[in-house]
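Remarks on the structure that follows.
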Amino acid sequence: MNNQHTILVCSSCASLWQDGKRVGTSGGEKLLKELEEKHQDWVLSEEFTVKSVECMSACSHSCAVAFTSPGKLTYLFGDLDHDSESLSETSAAVLECASLYYEKPDGKMAWSERPSAFKKGVLARIPSI
(Lines give C-alpha, C1' and ligand atoms only; values in the text may rest on other atoms or scores of the structure.)
Protein backbone atom coordinates (compact mmCIF):
# COMPACT_ATOMS: atom_id res chain seq x y z
CA MET A 1 0.00 0.00 0.00
CA ASN A 2 1.49 3.30 -1.14
CA ASN A 3 -0.89 5.70 0.57
CA GLN A 4 1.20 8.86 0.49
CA HIS A 5 -1.99 10.92 0.32
CA THR A 6 -4.02 11.73 3.41
CA ILE A 7 -7.49 13.08 4.07
CA LEU A 8 -7.58 14.70 7.50
CA VAL A 9 -10.97 15.11 9.16
CA CYS A 10 -11.52 17.35 12.18
CA SER A 11 -13.31 15.12 14.65
CA SER A 12 -14.17 17.96 17.04
CA CYS A 13 -15.96 20.08 14.41
CA ALA A 14 -19.61 20.86 15.14
CA SER A 15 -19.42 19.58 18.70
CA LEU A 16 -22.01 20.27 21.36
CA TRP A 17 -20.63 21.38 24.71
CA GLN A 18 -22.18 21.26 28.14
CA ASP A 19 -20.45 22.30 31.36
CA GLY A 20 -17.10 22.45 29.55
CA LYS A 21 -17.39 18.89 28.21
CA ARG A 22 -18.19 17.65 24.75
CA VAL A 23 -21.45 15.70 24.62
CA GLY A 24 -22.77 13.36 21.98
CA THR A 25 -21.27 12.71 18.59
CA SER A 26 -19.83 15.71 16.76
CA GLY A 27 -20.55 16.52 13.14
CA GLY A 28 -16.89 15.82 12.41
CA GLU A 29 -17.11 12.35 13.93
CA LYS A 30 -20.21 11.62 11.85
CA LEU A 31 -18.45 12.81 8.69
CA LEU A 32 -15.38 10.75 9.56
CA LYS A 33 -17.46 7.60 10.01
CA GLU A 34 -19.25 8.14 6.70
CA LEU A 35 -15.92 8.75 4.93
CA GLU A 36 -14.32 5.66 6.45
CA GLU A 37 -17.21 3.53 5.20
CA LYS A 38 -17.10 4.97 1.66
CA HIS A 39 -13.28 4.81 1.63
CA GLN A 40 -13.34 1.00 1.86
CA ASP A 41 -14.93 0.65 -1.59
CA TRP A 42 -13.32 3.72 -3.17
CA VAL A 43 -11.11 3.19 -6.24
CA LEU A 44 -8.28 5.21 -4.59
CA SER A 45 -8.50 3.58 -1.16
CA GLU A 46 -4.98 2.15 -1.54
CA GLU A 47 -3.60 5.63 -2.28
CA PHE A 48 -5.23 7.54 0.58
CA THR A 49 -5.37 7.25 4.34
CA VAL A 50 -8.27 8.83 6.19
CA LYS A 51 -7.18 10.21 9.57
CA SER A 52 -8.99 11.82 12.44
CA VAL A 53 -7.54 15.05 13.82
CA GLU A 54 -8.74 16.29 17.21
CA CYS A 55 -8.92 19.97 16.19
CA MET A 56 -7.95 21.95 13.10
CA SER A 57 -8.78 25.33 14.69
CA ALA A 58 -11.54 25.94 12.16
CA CYS A 59 -14.34 25.98 14.73
CA SER A 60 -16.23 28.81 13.04
CA HIS A 61 -16.10 26.86 9.75
CA SER A 62 -17.37 23.39 10.71
CA CYS A 63 -16.82 20.86 9.32
CA ALA A 64 -13.20 20.94 8.16
CA VAL A 65 -11.14 18.51 6.11
CA ALA A 66 -7.66 18.74 4.62
CA PHE A 67 -5.84 17.02 1.77
CA THR A 68 -2.10 16.55 2.09
CA SER A 69 0.72 14.66 0.43
CA PRO A 70 4.51 15.05 0.29
CA GLY A 71 5.58 17.47 -2.44
CA LYS A 72 2.06 18.85 -2.93
CA LEU A 73 0.09 21.80 -1.68
CA THR A 74 -1.97 21.08 1.42
CA TYR A 75 -5.56 22.30 1.28
CA LEU A 76 -7.77 22.99 4.29
CA PHE A 77 -11.47 23.26 3.52
CA GLY A 78 -14.24 24.28 5.89
CA ASP A 79 -17.97 24.94 5.92
CA LEU A 80 -18.80 21.39 4.80
CA ASP A 81 -22.35 20.22 5.49
CA HIS A 82 -22.50 17.81 8.41
CA ASP A 83 -26.23 17.39 8.93
CA SER A 84 -27.36 13.78 8.97
CA GLU A 85 -29.31 14.28 5.74
CA SER A 86 -26.30 15.65 3.86
CA LEU A 87 -23.49 13.43 5.21
CA SER A 88 -23.59 10.99 2.30
CA GLU A 89 -23.44 13.83 -0.21
CA THR A 90 -20.67 15.60 1.69
CA SER A 91 -18.53 12.47 2.02
CA ALA A 92 -18.98 11.73 -1.71
CA ALA A 93 -17.83 15.29 -2.49
CA VAL A 94 -14.78 14.82 -0.22
CA LEU A 95 -13.75 11.71 -2.16
CA GLU A 96 -14.44 13.41 -5.48
CA CYS A 97 -12.22 16.35 -4.50
CA ALA A 98 -9.57 13.96 -3.16
CA SER A 99 -9.55 12.20 -6.56
CA LEU A 100 -8.92 15.53 -8.25
CA TYR A 101 -6.15 16.32 -5.75
CA TYR A 102 -4.57 12.93 -6.45
CA GLU A 103 -4.46 13.62 -10.20
CA LYS A 104 -2.56 16.89 -9.78
CA PRO A 105 1.24 16.49 -9.51
CA ASP A 106 1.52 19.63 -7.37
CA GLY A 107 -1.91 19.26 -5.75
CA LYS A 108 -3.14 22.56 -7.21
CA MET A 109 -6.86 22.31 -7.92
CA ALA A 110 -8.54 24.98 -10.03
CA TRP A 111 -11.73 26.45 -8.60
CA SER A 112 -13.68 25.44 -11.69
CA GLU A 113 -12.67 21.76 -11.36
CA ARG A 114 -13.62 21.30 -7.72
CA PRO A 115 -16.97 19.86 -6.60
CA SER A 116 -19.44 22.60 -5.64
CA ALA A 117 -19.02 21.90 -1.91
CA PHE A 118 -15.31 22.74 -2.33
CA LYS A 119 -15.63 25.90 -4.41
CA LYS A 120 -16.20 27.90 -1.24
CA GLY A 121 -14.70 27.30 2.13
CA VAL A 122 -11.00 27.21 1.28
CA LEU A 123 -9.44 28.13 4.61
CA ALA A 124 -5.82 27.58 3.60
CA ARG A 125 -3.64 26.48 0.74
CA ILE A 126 -0.26 25.67 2.24
CA PRO A 127 2.84 25.25 0.05
CA SER A 128 4.76 21.99 0.24
CA ILE A 129 8.06 22.02 2.10
Under a single-linkage rule joining Ile, Leu, Val, Met, Phe, Trp and Tyr whose side-chain heavy atoms are separated by less than 4.5 Å, which residues share a cluster with L8? V53, M56, L76, L123

Would you list the atom pairs, donor with acceptor, under 3.5 Å between side chains in residues 90-101 and any protein atom, with sequence neighbours excluded?
| unit_1 | atom_1 | unit_2 | atom_2 | d |
| --- | --- | --- | --- | --- |
| T90 | OG1 | D81 | O | 2.9 |
| T90 | OG1 | S86 | O | 3.0 |
| S91 | OG | K38 | NZ | 3.1 |
| S91 | OG | L87 | O | 3.0 |
| S91 | OG | S88 | O | 3.0 |
| S99 | OG | L95 | O | 3.0 |
| Y101 | OH | S69 | N | 3.2 |
| Y101 | OH | L73 | O | 2.5 |

Could you give all pairs that pass the side chain to side chain donor-acceptor pair (under 3.5 Å) test and reach residues 55-68, with sequence neighbours left out? H61-D79, T68-T74

Strictly by side chain to side chain donor-acceptor pair (under 3.5 Å), give each pair with a member in residues 109-129 just once, sequence neighbours left out. K104-E113

With ring centroids as reference points, do Y75 and F67 lie under 6.0 angstrom apart? no

Taking salt bridge (charged side-chain N to carboxylate O under 4.0 Å, His left out) as the definition, give me every residue that meets it alongside E85, ordered by chain and number, with sequence neighbours left out. none

S26/S12 under side-chain contact (heavy atoms from CB on, under 4.5 Å): CA gap, chis, key distance, verdict: CA-CA 6 Å; S26 70; S12 59; 5.7 Å; no

Side-chain touch T25/E29, heavy atoms, less than 4.5 angstrom: yes

Apart from I129 itself, members of its ILVMFWY cluster (side-chain separation under 4.5 Å) are none

How would you list, by chain and number, every residue that makes a side-chain hydrogen bond (donor to acceptor under 3.5 Å, both in side chains) with K30, sequence neighbours excluded? none

Parallel under 30°, tilted from 30 to 60°, perpendicular over 60°: which one fits the rings of W42 and F48? tilted

So, using side-chain contact (heavy atoms from CB on, under 4.5 Å) as the criterion, who are the partners of E36 when residues are at least two apart? L32, V50

Atom of C63, atom of G28 and distance for their closest heavy-atom approach: SG-N, 3.5 Å

Could you tell me whether a side-chain N or O of E47 sits under 3.5 Å from a main-chain N or O of L44, the two making a donor and an acceptor? no

Among residues at least two apart in sequence or on other chains, which ones pass side-chain hydrogen bond (donor to acceptor under 3.5 Å, both in side chains) with S52? S11

Distance, nearest 0.5 Å, that separates CG of L35 from CD1 of I7: 6.0 Å

Contact list for residues 48-72, test salt bridge (Lys or Arg N to Asp or Glu O under 4.0 Å), sequence neighbours left out: R22-E54

